[in-house]
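Below is one structure; the comments refer to it alone.
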Amino acid sequence: MRLMHTKLPDFIRRIREASVKNTPDMKLEIKGMENVQSAKLQSLRTGRIVNAVEEMAVSEGVDHMEILIRPRMPETMHTVIIKGYDKDGKAKKAIVETVDMLVPTEELDLFDCEEVIDRRPKMTVYSKI
């Protein structure tokens with residue numbers, strides 16, 4: 001599995017390196033990962049994103065970059081685990097709940113762009129006939 005996934009710190013490092021590879025003064029801001037403390041990302045997609053960052057950095061007229069990471073599905077269901085601990089730090093009780101989370105879609109971030117190049121794969125919906 002090691003070759004199939006890129007750890008979050010490596011992903012961020014690779015993105016930052018790509019932004020200054022050919023343009024040392026390029027400023028970069030990454031948004032959307034502030035609350036993610038650990039994750040693994042698809043290595044193939046990581047490479048595609050690194051290439052896209054390099055491409056954007058050398059694009060004519062680009063002064064600085066912003067990378068926005070947003071959920072592709074606007075509604076996701078999450079499990080909420082509420083854990084209670086005693087004074088010694090031993091877990092005593094847990095309550096498991098669920099919550100749907102609605103988030104803004106990419107239109108929020110793209111409405112002011114002159115040109116949008118969408119390289120995402122198509123989303124396939126399977127249904128029984």
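Sequence positions, counted from 1, serve as the residue numbers for this chain.
Between the side chain of Thr98 and the main chain of Thr79, no donor-acceptor pair closer than 3.5 Å is present. Under the 3.5 Å distance criterion, the side-chain polar atoms of Glu55 are left unmatched by any main-chain donor or acceptor of Val53.
The CE atom of Met56 lies 11.5 Å from the OG1 atom of Thr23; values are rounded to the nearest 0.5 Å. With values rounded to the nearest 0.5 angstrom, Leu68 atom CG is found 9.0 Å from Leu108 atom CG. Atoms NZ and CZ, from Lys7 and Arg14 in turn, are 14.5 Å apart once rounded to the nearest 0.5 Å. Here the CD1-CD1 distance, from Ile69 to Ile12, works out to 7.0 Å after rounding to the nearest 0.5 Å. Of the inter-residue distances, the one linking Arg45 atom CZ with Arg120 atom CZ reads 10.5 Å to the nearest 0.5 angstrom. Ile30 contributes atom CD1, which lies 9.0 Å from atom CE of Met65 (distance to the nearest 0.5 angstrom).
Gln42 CD: 12 or fewer foreign heavy atoms inside a 6.0 Å radius. The 12-atom threshold is not exceeded at CD of Gln37, counting heavy atoms of other residues, nucleotides or ligands nearer than 6.0 Å.
Residues Val80 and Met101 are members of separate hydrophobic clusters, defined by side-chain heavy-atom contacts under 4.5 angstrom among Ile, Leu, Val, Met, Phe, Trp and Tyr. Under a hydrophobic-cluster definition in which Ile, Leu, Val, Met, Phe, Trp and Tyr are linked whenever side-chain heavy atoms come within less than 4.5 Å, directly or via other members, Ile117 and Phe111 are assigned to different clusters. Residues Leu110 and Ile67 fall into different hydrophobic clusters, defined by Ile, Leu, Val, Met, Phe, Trp and Tyr side chains chained together at heavy-atom separations under 4.5 Å. Both Val36 and Phe11 belong to a common hydrophobic cluster when Ile, Leu, Val, Met, Phe, Trp and Tyr are linked at side-chain heavy-atom distances under 4.5 angstrom.
Residues Ile15 and Val50 form a side-chain contact, since some pair of their non-hydrogen atoms from C-beta on lies under 4.5 Å apart. Put simply, the side chain of Val62 reaches to within 4.5 Å of the side chain of Met26, judged on heavy atoms.
The salt bridge (Lys or Arg N to Asp or Glu O under 4.0 Å) analysis of residues 66-95, with sequence neighbours excluded, yields the pairs Lys31-Glu66, Arg70-Asp109.
Of all the heavy atoms in Ala57 and Ser19, the pair that sits closest is CB-O, 3.6 Å.
The side chain to side chain donor-acceptor pair (under 3.5 Å) test applied to Ser59 returns no partner, not counting sequence neighbours.
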